[in-house]
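Presented below is the structure to which this report refers.
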Amino acid sequence: MQEEQGTLVMEAYLSSIEAEFSLSKQKLKELTNLFQEELENGLKRSDAILKALPTFVFNLPKGTEIGKFLTVDLGGTNLRIGLVELLGSGQFTIKKDSKVIPDGLKSGSGKEIFKFIAQNIETFLEHPEIEAELPLKLGFTFSFPVQQESLAHGTILGWSKEIEGKDVIGMDAVALLQESLHSLGLDIAVEALVNDTVGTLLAQIYRDDRTRMSVILGTGSNAAYVERCSQIPKLKGKFNNGRTVINIEWGSFGDGCSCTILPSTRFDRILDLESKNANYQRYEKMMSGMYLGEIFRLILVEAVNKEILITSSDLISKPYGIKTKDMSKFHAEFINENIENCKMIIKGKFGINIRSDAEVQMLSKLCEIISLRSCYLCAVGITAVHRHLLSWLSKEKIFSVALDGALYQKYPNYSKILQDLVCEMDMDGGAADACRVVLVMAEDLSSIGAAAAIAAQQFK
Ligand code: ADP
Ligand code: MG
């Protein structure tokens, strides 16, 4: 009897959470229209909500470029260093190393982050076969908002993904890295600065020239796409012919507006208020790897407070104490019906004391609700960009989008659900009889794109 009652309370709670997180067709349409509007505002004005940053990549790779380049990719979680060889015909090789960015560094000075990068490059060059390639040109993938004035110059506008680094805001990311390299006596010239989305886009264009857009779903989330210079009024006609890449910086969609456009729940509001950049990047905070685990944790805290779940651990009282990675592993185990493994993760990683299989099911349903909303919101952004480009692309058959980031790659069923959603939304808008949006996995390619950016200038 008592157990039955407990199940009823749990089901009622789940239904209320599901209702809060679900998005109606009407809401999706509104969000998509607004996204397109905000993107078009961003192309006009530099003070718009979506920054829509021109990247000064005017020569898109053809796939025929060749050469060896050093690459560095600073994400929100990992630092990746590589030696890329472009082989022509869309092929390449990469030798790479990866290091987790220490938490202490994230909350410290920005200059220290650049020093850390240079020191890791120095270590990478200790491999004799790599050192033998010096001097090298370096392509820098920097996944934070920068205002570019040229391919090898970009003013840091601010950080995201819980990195502080206030001392370098307003400074040139290329110069900061170049100085750190010089101070270690390394013969390396930083020749291109690209965002990870831009890098992923350029790399996938190098492999397949039908690629039009890229999306990252990793620690953070962002997207880039190929735009006509004539459609970017804020360039003031300076580069009227040809195409370039726009870094949307889409994580800020829905920021700065007093009306509640984004479908934020009370959990999103708490997460935002307690984050290092409250009121900013609210779309990203509802969607990306850094935050899904935290949304999950906030729901668990509430469920424990309501005595729907019980805990004897302080794991869930610690902000960011639950990682999206563990949520994803748990969800995968549940889908594979490995209930014993589920229970181990719940105890060890979520700190919840499980009393029944119904509770395991409840937790997996919460994971599904949170990850599904992330998919929907991402589909909104992709659909809006596709719509914006429709008149230009009408003769083309497919709109190929390169996707990367651990959330997209690894969260169970994420990639399939997202593909289905973008197709549904594409067709629903009356855009075509058949779905034209094709999502392509572009795993760990952003460094290749940084190399291709340098090569495409040389081979233009
Ligand atoms: P970066 O953003 O530094 O480029 P990644 O693309 O590897 O790095 O993304 C890291 C983010 O992805 C982290 O927030 C992490 O929680 C999340 N993540 C890592 N592994 C998984 C996984 N198996 N499933 C879902 N998310 C994951
Ligand atoms: Mg990345």
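First listed ligand is number 1; within each ligand, the first listed atom is number 1.
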Thinking salt bridges, do Arg387 and Asp426 make one under a 4.0 Å N-O criterion? no
Heavy-atom distances under 4.0 Å are what count here, so tell me which part of Ser328 touches ligand 1: side chain, backbone, both or neither. side chain
So the atoms of ligand 1 within less than 4.0 Å of a heavy atom of Gly405 turn out to be 6 (O)
Taking only non-hydrogen atoms of Gly75 and a 4.0 Å limit, the atoms of ligand 1 in range are 3 (O)
Considering Asn78, Asp404, Asp444 one by one, which has a heavy atom nearer to atom 8 (O) of ligand 1 than any of the others? Asn78
Gap between atom CG of Leu23 and atom CG of Leu31 - 0.5 Å precision: 7.0 Å
Of all heavy-atom pairs between Met213 and Ile382, which one has the smallest distance, and what is that distance? CE-CA, 3.9 Å
Atoms of ligand 1 less than 4.0 Å from Thr219 heavy atoms? 1 (P), 2 (O), 3 (O), 8 (O), 9 (O), 10 (C), 11 (C), 14 (O)
Before accepting this row, confirm whether a basic side-chain N of the pair Glu359/Arg355 lies closer than 4.0 Å to the acidic partner's carboxylate O. yes
Quick one: which ligand 1 atoms are inside 4.0 Å of a heavy atom on Gly289? 14 (O), 16 (O)
Carboxylate-amine/guanidinium contact Lys95 Glu129, below 4.0 Å: no
Ring centroid separation for Phe350 and Phe330, is it under 6.0 angstrom? yes
Which ligand 1 atoms are under 4.0 Å away from a heavy-atom of Thr324? 16 (O), 26 (N)
With a cut-off of 4.0 Å, which atoms of ligand 1 are near a heavy atom of Thr77? 3 (O), 10 (C)
Any heavy atom of Met290 sitting closer than 4.0 Å to ligand 1? yes
Return yes when Met327 approaches ligand 1 closer than 4.0 angstrom through a heavy atom, no otherwise. no
What part of His331, side chain, backbone, both or neither, has a heavy atom within less than 4.0 angstrom of ligand 1? neither
Flag side-chain contact, heavy atom, 4.5 Å: Lys285 against Ile295: no
Less than 4.0 Å between a side-chain N and a carboxylate O, is that true for Asp314 and Lys318? no
